[in-house]
Amino acid sequence: MKRSMIKETLEKVGEVVVLKGWVNSIREHGKVVFIDLRDRTGMVQVVFWGEVAVAAKALGVEYVVEIEGLVKQRSGSNVNAEIETGSVEIEGQKLTVINESKTPPFEINKDTSAVDEAVRLKYRYLDLRSARVQKNIKLRSEFVRRVREFLFGQDFTEIETPLLTKSTPEGSRDFVVPSRLQPGKFYALPQSPQQYKQLLMTAGFEKYFQTARAIRDEDLRADRGFEHTQIDLEMSFVERDDVMNLVEEMMITVAEEMGYQIKEKPFPRITYKESMAKYGADKFDLRTEEEVKNGVLAFAWVVEFPFFEKTDDGKWTFSHNPFSMPISEHLDDLMEGKNIGEIKTTQYDLICNGYEAGGGSIRAHKAEILEATYKVMGYSAEETRESVGHMLEAFQLGTPPHGGIALGVERMIMNLANEKYLREVQAFPMTGSGQTSVMEAPSELSEKQLKELSLKSVM
RNA sequence: GGGGCUGUAGCGCAGUUGGUUAGCGCGUCUCCCUGUCACGGAGAAGGUCGUGGGUUCGAAUCCCAUCAGCCUCGCCA
C-alpha cells in the first residue's frame, strides 16, 4: 500500500492507510496504547487495542515505524482542538519497527531552547527534529524560494561564483586554503562575491543574483557566524533608487506572501547623520511593543554614510565598501582627494527590526574612480594595481554603470521566526569558538595530508 | 586580545558561616491502569559535583591553575 502523509489523514476518514514516521510520544493505559506519530507534515494520534497494543508497548520514542490503520473521526470529548489532526485518529492494525532508537540525550518532543547548546549541536540532527527548529529551517527554505521566484520574474540570472579565490588584504580576516599544486601559496574563501559580481556586470549579464555564502574569520556573536548566506544581487545601468526600489518591492512581496505585516510602506529613508542624531546608531528598531509581539516587520533605509573613516593610526580607510561610488555631488572631491571626511558614499543599508538586514551601493565602474579611492587610503599606484589591478583592467574594457546589494538571509529569518540567535536558523551551526556541530571540526591533518600540502605541523 | 556569567545524574535545576547516606523536576526501567493527548498511580536505577593541584581531621562549598560553553567590547570592506 502507498504511504500516506499524516496531514492527509484528515481527508481519509474511513480509509485504511499506511503511515511512516517517528514515535513522538507513547501513552500506555493497560489494554490500550496511544502513540503520537510524527512525519514531515505533522503529527497524529494512533490508538492500539488488543494484540497490536502489546507490540506497541515495546516501542520507544524516536523509533522509526510503519503503521497500517483505519482513519477514524474522533467524537465528543475525544476531539483534541490543540493539534491540527485532533479531529481524527488512527486505529492501528499493523505495526512494523523500521529502526529502533536509543533514548535520545534530550527530549526533542519539547522545545529544546532550554537544553545546553553544546549538547544540541553535538546531536544537531536530533535537535533539528524538534518542532521549533524544523519550522525555522523550513521557513528559511520558503523565504529563499520566494526570493528566487521574484528575481527570476524580474529577469535575473542566477550565477555561482568561486569559493576558492584570492585573499584580499582589506576588509575582514580571510579563511585560507593551502594550494597543493603551488606549494607555499593559498586560496582564500570569499568574504563576499563583490568583485565577481561586478565582473559579471562587465560580462553583460545585467541582472545577476545568487544565494552566496560569505565566510569571514572574525569573532562570533549571537547574530554572527564564520559563515552566513546572502541574497547577493547586482544590476547594470541603474542608479541608487533603482536598486533600493527593486529590493523594497522584493522584500514587501515576499514578506506579505508569507503572511507578515510590514509597519511602513514605502520603507522610511533616513540619512546616517539623522540616524546617529536620533537613535545614536546606524540601525534601530521602529516597532512598538505591540508590533514586536505581533511579529510586524519594520524596515528602513539608511543612506549617505561617510565614504571614509580614520583608522587608529590616522590614515583614511573606507567605512563600508571601497568599490562604491560617492554620491554624484562629491565625485569631484574624491577625484581630487579633498574634503575626504565629508565625502558621502552611495551606500544604502537596509534595516529590519533593529538588525542590519543588508547593504549595497552603486559601484565604481571606471578605473580612475577606484584608483582615486585607493589613493585616499594611502595606496601607491603600484599597490593599487597589485590589489585590484584586475578590476581596473575590466573597468577599461566596457564595464557598464552598476550597483547592487547583499541581504543577510539568517538575519532575515531571525526576524521572521522571532529568534535571537543566528544558530537557530542555520541547519548545522558552530559554537562561538568555531567548533562545528556533530563533526568536531577543526581537526588535525594526517602527516600524509600535510606533506602533500607542503605544510609542517607546529604541534 | 579584554570584560561578565555559567559548569552538580541523560536533560533542566537546588544545594557555601566547609561536616558524615549530595536533593528536586523531567526522562529512563519495572509493575498497575479501556480514552489519554505534558495521562495517572506505585516503586527502582542512575553522580569521578568540568579537570588538575592546594588548604583542612574533613571540600560541590575555600584558594590557585586550567578547560569548555554563553553573552559582550575590540573586530566584522
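Model, not experiment: these values are computed from the prediction. Here is the naming used below: chain letters follow the sequence lines, and residue numbers restart at 1 for every chain.
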Go through the N and O atoms of the side chain of [X] and the base of [N], and report whether any donor-acceptor pair is under 3.5 Å.
X       : N      : answer
R74(A)  : G35(B) : no
E28(A)  : U36(B) : no
R224(A) : C75(B) : yes
R216(A) : C75(B) : no
E218(A) : G74(B) : no

**Mutual orientation of the aromatic rings belonging to Y279(A) and F284(A) [parallel < 30°, tilted 30-60°, perpendicular > 60°]** =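 Aromatic pair Y279(A)/F284(A) classed parallel.
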**Asked** Hey, what's the ring geometry for F34(A) with H29(A), parallel, tilted or perpendicular (30° and 60° as the breaks)?
**Response**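 Answer is perpendicular, since the angle exceeds 60°.
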Under 4.0 Å, counting only non-hydrogen atoms across every strand here, what does [X] touch: a base, just sugar-phosphate, or nothing?
X       : value
R173(A) : nothing
S433(A) : sugar-phosphate
Y421(A) : sugar-phosphate
E117(A) : sugar-phosphate
T112(A) : nothing
D116(A) : sugar-phosphate
V61(A)  : nothing

**Prompt:** Between E107(A) and K110(A), is the closest basic N to carboxylate O distance under 4.0 Å?
**Reply:**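 So K110(A) pairs with E107(A) through a salt bridge.
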Return the nearest nucleotide to the side chain of [X]; candidates are [options].
X       : options                : result
T431(A) : C37(B), C70(B), U72(B) : C70(B)
H29(A)  : C37(B), G35(B), G74(B) : G35(B)
V47(A)  : G35(B), C26(B), C70(B) : G35(B)
T103(A) : C39(B), G27(B), C71(B) : G27(B)
S172(A) : C76(B), C37(B), U34(B) : C76(B)
V115(A) : U34(B), C11(B), G35(B) : C11(B)
N78(A)  : C73(B), G35(B), C70(B) : G35(B)

**Message:** Heavy-atom nearest nucleotide on RNA chain B for G60(A) versus Q45(A): which residue maps closer to 5'?
**Reply:**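 This one resolves to G60(A).
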**Message:** Nearest heavy atom decides the nucleotide; on that basis, is Q191(A) or N80(A) closer to the 5' end of RNA chain B?
**Reply:**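 The residue mapped nearer the 5' terminus is N80(A).
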Go ahead and name the base partner of [N]; Watson-Crick or wobble counts if both distances stay under 3.5 Å, otherwise write none.
N      : value
G19(B) : C57(B)
U66(B) : G50(B)
A42(B) : U30(B)

**Request:** Report yes or no: is the ring centroid of F106(A) under 5.5 Å from the six-membered base ring centroid of C11(B), with the two planes under 30 degrees?
**Result:**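 Aromatic stack with C11(B) absent for F106(A).
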**Request:** Validate the cation-pi geometry between K31(A) and W49(A): distance from NZ or CZ to the six-membered ring centre under 6.0 Å, angle to the ring axis within 45°.
**Result:**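 No, K31(A) does not lie over the aromatic ring of W49(A).
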**Asked** Which is it for I90(A) and Q45(A) under the side chain to side chain contact (heavy atoms under 4.5 Å, CB included) test, yes or no, and what are the steps along the way?
**Response** CA-CA 6 Å; I90(A) 315 299; Q45(A) 171 166 282; over 6 Å; no
